[in-house]
Amino acid sequence: MRSVVGDATAKKLATLGLETIDDLLRHYPRRYVSLGEMTDLASLQVGQYATVMARVVEAVNKRFGPGGRKTRTEVTLTDGNARLTLTFFSQPWRQAQLTPGTVGLFAGEVGQFNGRLQLTHPLYEPLEGPDALEGRIARGIIPIYRASAKIPSLAIERSVETVLPVADVEDPLPQDVRADRGLPSADVAFEMIHRPRSDQQWRTARDRFRFEEAFVLQTVFAQRRHAALGQTAVPRRRRSGGLRDAFEQQLPFTLTDGQRAVVAEIEADLAREHPMHRLLQGEVGSGKTVVALLAMLQVVDDGAQAVLLAPTEVLAAQHHRGITAMLGALAEGGMLGGAAEGTRVRLLTGSMGAKARKEALLDAASGAAGIVVGTHAVLQETVQLAELGLLVVDEQHRFGVEQRAVLVDRYDTKPHVLVMTATPIPRTIAMTVFGDLETSTLSELPGGRQPIQTTVVPAAERPDWLARAWDRVREEVADGRQAYVVVSRIGDGDKEAGERADPEGPPTRSLVDLHEELAAGPLAGLRLGMLHGRQHPDEKDATMTAFARGEIDVLVATTVVEVGVDVPNATVMVVVDAERFGVSQLHQLRGRVGRGGHAGLCLLVTSAEDGSPSRERLDAVASTSDGFALSRLDAEQRREGDVLGAAQSGVRSSLRLLSVVKDEQVIADAREAATAFVEADPELTTAPDLRAAVERLEQSQQADYLERT
Ligand code: ADP
Ligand code: MG
């Protein structure tokens, strides 16, 4: 870069993160202005760094200072309506340069002087005359770049002008892939995006680069999937007459069609000689755990072990309890009264006592425990497993991919991996973030599940509704049911708020205060319990167990109840300060009620006003139970970077034009094209530029993630 644009400019460009020629060329214009289309000067804001196109009205030199030895040139600009002042100190020659009628581009920080907006020492660029950038008038469109005070848009434009003719541009898109879609080559597209001659040109170029981003990323994934076919895993074929069959026979319900289909997919995956990499997504309560358990038992039947990783101790303990209960005698292998073919289910968490831990570790190492359930603490310590056959990761969102990798990396023969998530992920995001995983979806809820009725309770406008909400809780408890009350923060002075903590919003109720208030007021006489993330794990577990046993009527909790907590007798949930939570989070939360045969009720208490964006979000949650629709809405409302939260920065920074929310069609098309291309040419030998682009992406952090999956 330095050799082309010079040292000084290269340094300035570097402040924007533009180090190479490729970086510069891919610093696409943010927007374009047409010549003759003046900037609306009235819309400028003080402090903003602006590039404006305007006409000079007049330029005057004023003298000031001792003996009038200093000059100040004041230039008045207009867009036809509003005016803007430019000020130059000690540059009297500006007056002659900026003659009335001259149209130019002016760039600088918008300041204020004597109540008028002004630019001091702006960068100036004439649009006509001998100094004008060549060709720009003919083109008629000016690109505006993301810039800074150190390096304004105009300077970036000049650098691009310098670089474009000499750059040796790579084209990651293979000729055929481009031709099929009528996309221009990279060199043509760079020209069109930086120096467009029509709006159509830059639009076409953007389409091309957007597709390129999707295509390169999907090529990485396609190669990974292809490589996985080259990795070996021990096939764990289904054995008849084993634990799995015995378990299926004792299931108190029949599997839904959806569960059956996914079970069959996984059964087939496990029987292959290559590691399974599958993502199982399904609504809260769609019955993923049973599906996973069948897979685990298939592996155990083959003499290997399965590890189930949960994001929190509460969930790990609950999975352990649930699985043990579901298996019954089948989980009492080697114990008196246990089934002859039985195995053991062991829990391993960070906080368990030394004795229990030792027993669990021994059973894990000897293979006596066919199933080991734990938190990431299981990973961080040296847990020996006799033979790991299957790794199940529950609630991927909370569980770092790195942690998953730690366990897998230790084994020469890769285990099969099943990732489960209860947050429905829109298809395109799944393809971008988990593009190397095959996806299965459970889209129906098991029969007999009652729908959850959700109602917004505007506490400020209708205090009577709030009173009614607490009455509903009392009624359910009187009927022998249980309730959750969810709050966004624990106590005073803490920062553990819901996702949408907003320092300027109205004060929120803390768990500690609300617990006290309810006990003294609307819920007096009921058995209340408290659950939050800062309690000791033993205390949390004891509270959860008591709630599960029906010894607590109302559990006042933070979002620790969000994922997976399963108490079928709980039928009402009151979410306090509901506007503090994200759409998907609320959907997750309400999935905790109505899990038994009783109808569920979720009351979203809010002080957000009717018609406000917060209220609209809550109304959306109340009006649909479609988790995919809500997660899409959630994604649309968040910034792209937040949506890609689970992806590594390598992917994020490679996506400049592509939106994982909006560009579904592009991503799907790119995925298909990339898969076909890699199948025909796995090493990309016919497309060296694509290969280079893929290698660059792989070198970034994302490669780490992909490598380990
Ligand atoms: P998820 O993990 O997807 O949230 P779970 O596997 O925990 O869901 O299932 C939720 C509840 O539904 C559990 O109590 C489970 O035993 C029950 N369940 C699962 N599958 C079925 C089915 N096919 N029919 C009836 N109940 C089911
Ligand atoms: Mg679950």
Side-chain angles (χ1 to χ4, degrees), residues 244 247-266 278-297 306 308-312 314-328 330-331 345 371 373 392-399 418-425 439-452 481-482 484 544 547-550 559-571 573 584-585 587-600 625-628 631:
R244 190 186 141 159
F247 174 68
E248 258 191 286
Q249 274 153 28
Q250 74 180 40
L251 264 184
F253 46 75
T254 48
L255 296 178
T256 63
D257 289 348
Q259 281 172 318
R260 232 186 281 281
V262 175
V263 164
E265 275 173 341
I266 296 174
R278 188 170 286 278
L279 174 71
L280 171 56
Q281 48 175 341
E283 286 281 324
V284 168
S286 58
K288 296 181 295 297
T289 311
V290 183
V291 169
L293 186 51
L294 284 165
M296 291 192 261
L297 293 175
L308 170 57
L309 295 173
T312 65
V314 170
L315 282 178
Q318 181 180 288
H319 267 310
H320 178 250
R321 263 198 312 276
I323 288 174
T324 309
M326 270 199 273
L327 287 176
L330 298 176
V345 184
I371 298 177
V373 182
V392 181
V393 185
D394 193 10
E395 311 300 354
Q396 167 71 17
H397 275 75
R398 299 287 185 85
F399 203 91
L418 178 66
V419 175
M420 301 196 290
T421 171
T423 313
I425 307 167
T439 309
S440 303
T441 304
L442 288 176
S443 45
E444 57 180 326
L445 295 183
R449 185 70 46 79
Q450 300 277 338
I452 300 160
R481 309 277 94 81
Q482 290 162 281
Y484 295 101
M544 262 330 287
F547 188 62
R549 286 207 192 113
T559 53
V560 287
V561 299
E562 179 182 345
V563 239
V565 171
D566 189 10
V567 177
N569 193 45
T571 50
M573 171 175 287
S584 292
Q585 204 178 12
H587 182 62
Q588 289 268 345
L589 279 167
R590 69 177 162 184
R592 304 297 110 215
V593 293
R595 291 170 76 86
H598 310 284
S625 57
D626 180 346
F628 278 90
S631 72

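We're numbering straight along the sequence, starting at 1. Since the structure is predicted, the reported quantities are computational estimates derived from the model, not experimental observations. Counting starts at 1 for both ligands and their atoms, in listed order.
- Of all the listed residues (Thr289, Thr256, Val291, Asp257), Thr289 holds the heavy atom that lies closest to atom 6 (O) of ligand 1.
- In this structure, Thr254 is part of the shell of residues with a heavy atom less than 4.0 angstrom from ligand 1.
- Residue contacts with ligand 1: Ser286 is included, with a non-hydrogen atom under 4.0 Å away.
- Rounding to the nearest 0.5 Å places CG of Leu280 at 8.0 Å from OG1 of Thr441.
- With hydrogens and angles disregarded, no donor-acceptor distance shorter than 3.5 Å links the side chain of Glu265 to the backbone of Ser440.
- Not one N or O on the side chain of His598 forms a donor-acceptor pair closer than 3.5 Å with the backbone of Asn569.
- Using a 4.0 Å cut-off between heavy atoms, Gln259 contacts ligand 1 through its side chain alone, with no backbone atom that close.
- Taking every heavy atom of Val290 and a limit of under 4.0 angstrom, the matching atoms of ligand 1 come to 6 (O), 19 (C).
- Atom CD1 of residue Ile371 and atom CG of residue Leu297 lie 5.0 Å apart, to the nearest 0.5 angstrom.
- Counting heavy atoms under 4.0 Å from ligand 1, residue Leu255 touches it through the backbone alone.
- In terms of polar-atom proximity, defined here as any N/O pair under 3.5 Å, Gly287 does make such a contact with ligand 1.
- Formation of a donor-acceptor pair under 3.5 Å by the Gln281 side chain with backbone atoms of Val419 is not found in this model.
- From Leu308, atom CG reaches atom OG1 of Thr289 across 8.0 Å, with rounding to the nearest 0.5 Å.
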